[in-house]
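These numbers come from a predicted model, not from an experiment.
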Amino acid sequence: MNMEPLNQKSLERVVSQKALQIGSSFPCQICVVGFLSGVCLTSLFLALLTSLGTFEFGGISFSAISQGNSPLNSSSSGFINTVANADCKFKRNEVVAERWVDSKRSKDGTDDERVSLLHSAWSSLLSESVDGKSAFWHSAGLDKSAVPNAPHLENCKLSEQTNERLDKRTENERLPPWTTWKGLLDTHPASMANEQLKYFRHQAISEGAYPPWITGSDEENYPLTRKVQRDIWLHQHPDNCRDPNVRFLVADWERLPGFGIGAQLAGMCGLLAIAINEKRVLVTSYYNRADHDGCKALEITADNTLKKTMLLLINNHRLSAGSYNSSWSCYFFPETSQECRDRAFELLGNKEALERGIITTKDSYKSKEIWTGRTPRVWGEPWSFLQPTTEINGSLVAFHRKMDRRWWRAQAIRYLMRFQTQYMCGLMNIARNAAFGKEAAKMVLTSLGTEWPKDFQKHRSDIAEFVWSSHRPWIPRPLLSMHVRMGDKACEMKVVEFEGYMHLADRIRQHFPHLKTVWLSTEMQEVVDKSKQYMKWDFYYTNVRRQVGNMTMATYEASLGRQTSTNYPLVNFLMATEADFFVGALGSTWCYLIDGMRNTGGKVMAGYLSVNKDRFW
C-alpha cells in the first residue's frame with residue numbers, strides 16, 4: 001500500500017540530483033547570469049520609460065502611462081515583450097517587431113484619417129442641407145464631386161418628391177400611381193413614352209393596386225394590411241372634398257399634462273376609428289409637439305407661393321391659413337388632402353354645419369369613445385386570426401382580450417406614419433450618420449482602394465438613378481432594437497431591470513449567433529451605463545441627456561425642451577421599426593405602437609419578445 005508514495009519520492013530524489021549536476025555546469029551558469037542581467041536591464045529600461053512618460057523609438061511614439069488607451073496598445077505590448085525576451089535571436093526579433101509596429105501604425109493611421117475625412121464630408125453635406133453653408137470644404141481641400149455616395153443616408157428631397165407623387169391621384173384615376181413598378185422606374189423616359197406600359201399602369205391602378213408604404217406579403221404582416229391601408233387612403237381622400245355628402249371630424253392632438261407621444265398617437269388612432277365608423281374624413285389640427293422652431297419652416301410669399309426659409313423645408317402642406325407649424329405634417333405626410341383640410345376648416349366656422357353634424361370635433365365625443373371605442377368592422381374581424389408571434393414569459397400569446405384594438409392601432413399608426421417629410425428624413429440621416437457613419441466610411445473606402453480622395457469621379461447610371469434609388473439606407477444588420485422603459489412607468493406596469501431585457505436579447509442570439517448590434521432607446525442614464533458591461537454587444541443610442549434618479553416623464557421632457565423631446569423619440573421609434581428584432585415591454589404604449597408598426601412593416605415573423613404584457617389584456 002505504501003509502494004506508490006515511496007517510488008514517487010525515489011523518482012523525485014533522482015530528478016533533483018540530476019538537475020543539481022546540470023545546474024553546476026559552467027555553460028548553464030553563464031545562461032542564468034545572462035538571463036538575470038537581462039531582467040535587470042529591462043527593469044531599469046522600463047523604470048526610465050515610466051519616469052519620462054513618453055519615448056520615441058524608430059519614429060514610433062509610445063506612452064507608458066496611457067498604453068491602455070493608445071491605438072497602438074497591442075503593438076506596443078508586443079514590442080516590449082520582445083525587448084524583455086532573453087532569446088539569442090533578440091536583435092532580429094526587435095527589428096521585425098519594429099517594422100511590424102511601424103507599418104501597422106502607418107496603415108491604420110492613414111485609414112483612420114481617410115475614414116474621418118469621409119465621415120466629416122458627409123456630416124458637412126448634412127449640415128449644409130440645414131444652414132446652406134459650410135467652411136469644411138475649403139479647410140479640408142476637398143471638392144464635393146470627390147465625395148462618394150453615403151450608403152447610410154437617404155436623398156430626402158428626392159424621397160419627398162417621390163412620395164408626394166404616390167400620395168396624390170393622377171388625372172382621371174381612382175388611386176395614385178401605385179403599380180408593381182417600384183421607386184422611380186415608371187418615370188424612366190422609355191416607360192413614360194410607351195403607350196403599352198401606360199395602359200398597363202392604368203389597368204393596375206384601376207384594378208386596385210396596393211399602397212407602396214407596405215413592405216412584404218400578406219403573410220409577413222397583420223391580416224389584410226395591404227387592403228386596409230388602401231381603403232383608409234381612399235376614405236381619407238374623397239374625389240371631391242366639396243361634395244355635400246362628405247363629412248368631417250376635426251381634432252387637435254391630446255395635450256394634457258403627462259400625455260406622452262405614445263398616448264397622443266393612441267388617442268388619434270381612436271379618433272380615426274370614429275371617423276371611419278361615422279364615414280367622416282379625419283382632419284388633424286394643432287399638434288403641440290410640432291410647435292417649435294424646427295417646424296417653423298414655411299412662409300407665404302406675396303404671390304401666395306410656398307418658399308423655403310429657415311432650417312430644412314418641412315413639406316409643402318399647409319395646416320390652415322396663416323399657420324404652417326404646429327402640425328403633424330412637420331414630421332409625416334398629412335392624413336388627408338389639402339383640399340379636404342381647407343374645406344374642413346371652412347366648415348368649422350359655420351354654425352349651421354356644426355348643428356347639422358356635417359362637421360364634428362374631438363369635443364363631440366366622450367373620452368371613453370376615443371380611447372376604448374368600437375374598432376371598425378368594415379373588414380370583418382381579421383384580428384381573430386392574428387399569427388401568434390409575441391412571446392411573454394417563454395410562451396407565445398395566441399389570444400388576449402384586446403386583439404381587435406392591437407390590430408386596429410397597428411393599421412392606424414401605419415397610415416398616419418406612411419411617409420416621412422423631408423424634415424423627419426433629415427433627422428434620421430443625422431442619427432444614422434452619428435451612429436453608423438464611420439462604419440459606412442470604412443466600407444466605402446475598402447471598396448475604393450487606397451487612392452481616395454485622389455482621382456475619384458462619380459459615375460451616373462440609369463440603374464443607380466431609377467432602380468437602386470429606391471433601396472433603404474444601410475444600417476448594420478442584423479440589428480436588435482431595445483426600448484427599456486422604467487422610471488415613473490412603474491405606476492402603470494411591471495417594471496423590469498435592464499438585465500431582464502438583455503436576457504431576452506441573449507435568447508435571440510442563441511438562435512441567431514451573428515447578432516451583435518443593439519439600437520438602445522431609453523430615458524434612463526443607468527440603463528446606458530449598464531450597457532457598457534455587456535462587452536460582447538455593440539450598443540448604439542442617441543446622444544441626449546437622460547434621467548438620473550426618479551423623475552416624471554413630463555418633467556424630464558420639459559427639461560429637454562419641446563424640440564429635442566419630440567425629435568429624438570421619433571428617431572428611436574423609426575429605428576425600431578426598421579430593426580430586424582425587437583425587445584420591449586408591451587405594458588408601455590410606446591412599445592405597443594412600435595410593435596404595431598413592425599407588424600404592418602413586414603416584420604411579423606421576426607417575433608416580439610416582451611418583458612411584460614399590456615395591462616388591459
Side-chain angles (χ1 to χ4, degrees), residues 252-268 286-295 325-326 328 330-331 371 413 417 423-424 427-428 430-431 434-435 481-502 518-533 539-577 582-595 597 610-612 614-615:
D252 287 346
W253 292 76
E254 290 286 356
R255 56 180 186 271
L256 292 173
F259 270 59
I261 302 178
Q264 290 178 312
L265 288 169
M268 195 55 68
Y286 180 73
Y287 183 45
N288 63 328
R289 290 181 177 274
D291 191 1
H292 58 73
D293 291 341
C295 290
N325 65 312
S326 310
W328 176 249
C330 170
Y331 294 99
W371 293 98
I413 199 69
M417 291 185 167
Y423 179 66
M424 188 70 243
L427 294 176
M428 295 300 294
I430 292 170
S481 176
M482 180 183 296
H483 181 68
V484 182
R485 185 71 167 94
M486 297 171 66
D488 62 346
K489 202 66 178 178
C491 63
E492 298 178 10
M493 71 175 195
K494 175 187 175 183
V495 170
V496 178
E497 294 294 323
F498 181 58
E499 291 78 5
Y501 292 82
M502 288 306 300
V518 177
W519 182 272
L520 178 63
S521 61
T522 181
E523 75 280 7
M524 304 301 295
Q525 183 59 42
E526 69 172 277
V527 172
V528 174
D529 294 340
K530 285 183 177 180
S531 71
K532 298 172 184 176
Q533 301 173 11
F539 288 90
Y540 298 91
Y541 39 82
T542 52
N543 183 20
V544 65
R545 180 168 48 81
R546 289 176 165 81
Q547 291 187 41
V548 177
N550 291 326
M551 181 188 299
T552 65
M553 181 59 75
T555 303
Y556 170 61
E557 288 186 340
S559 70
L560 292 178
R562 181 167 290 173
Q563 185 169 343
T564 300
S565 65
T566 303
N567 290 357
Y568 97 86
L570 289 175
V571 166
N572 284 329
F573 188 95
L574 294 178
M575 284 298 300
T577 65
F582 184 67
V583 170
L586 277 172
S588 161
T589 304
W590 194 242
C591 289
Y592 194 102
L593 296 175
I594 288 174
D595 176 55
M597 278 287 280
S610 178
V611 296
N612 61 19
D614 180 77
R615 60 188 181 279

Can you name the nearest heavy-atom pair linking [X] to [Y], along with the distance?
| X | Y | value |
| --- | --- | --- |
| T589 | A263 | CG2-N, 4.3 Å |
| G587 | N612 | N-OD1, 3.0 Å |
| V611 | A585 | CG2-CB, 3.6 Å |
| M428 | V571 | SD-CA, 3.8 Å |
| H483 | C591 | CD2-SG, 3.4 Å |
| L593 | A266 | CD1-N, 4.4 Å |

Distance-only polar pair, side chains of Y331 and N567, donor-acceptor under 3.5 Å: yes
Test side-chain contact (heavy atoms from CB on, under 4.5 Å) applied to N572 and Y541, step by step: CA-CA 8 Å; N572 284 329; Y541 39 82; over 6 Å; no
Contact check, side chains of [X] and [Y], non-hydrogen atoms, under 4.5 Å:
| X | Y | result |
| --- | --- | --- |
| R546 | E526 | no |
| L570 | L427 | no |
| R289 | E557 | yes |
| M417 | L265 | yes |
| R545 | S559 | yes |

Say you draw a straight line from [atom1] of [X] to [atom2] of [Y]; how long is it, rounded to the nearest 0.5 Å?
| X | Y | atom1 | atom2 | value |
| --- | --- | --- | --- | --- |
| L574 | M597 | CG | CE | 6.0 Å |
| I430 | T542 | CD1 | OG1 | 12.5 Å |
| S481 | F573 | OG | CZ | 10.5 Å |

Does [X] use its side chain to pair, donor to acceptor, with the backbone of [Y] at less than 3.5 Å?
| X | Y | answer |
| --- | --- | --- |
| E254 | Q264 | no |
| S610 | L586 | yes |
| R562 | N288 | yes |
| S565 | L560 | no |
| D252 | Y287 | no |
| R485 | W590 | no |

side-chain contact (heavy atoms from CB on, under 4.5 Å) between Y556 and V548, worked out: CA-CA 10 Å; Y556 170 61; V548 177; over 6 Å; no
Ring geometry between H292 and Y423 (parallel below 30°, tilted from 30 to 60°, perpendicular above 60°): tilted
Aromatic ring pairing F539/F498, orientation class (parallel under 30°, perpendicular over 60°, tilted between): tilted
Stepwise side-chain contact (heavy atoms from CB on, under 4.5 Å) test for E497 and K530: CA-CA 10 Å; E497 294 294 323; K530 285 183 177 180; 3.3 Å; yes
Ring centre gap for W371 and F259 strictly below 6.0 Å: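 Yes - the distance between ring centres of W371 and F259 falls below the 6.0 Å cut-off.
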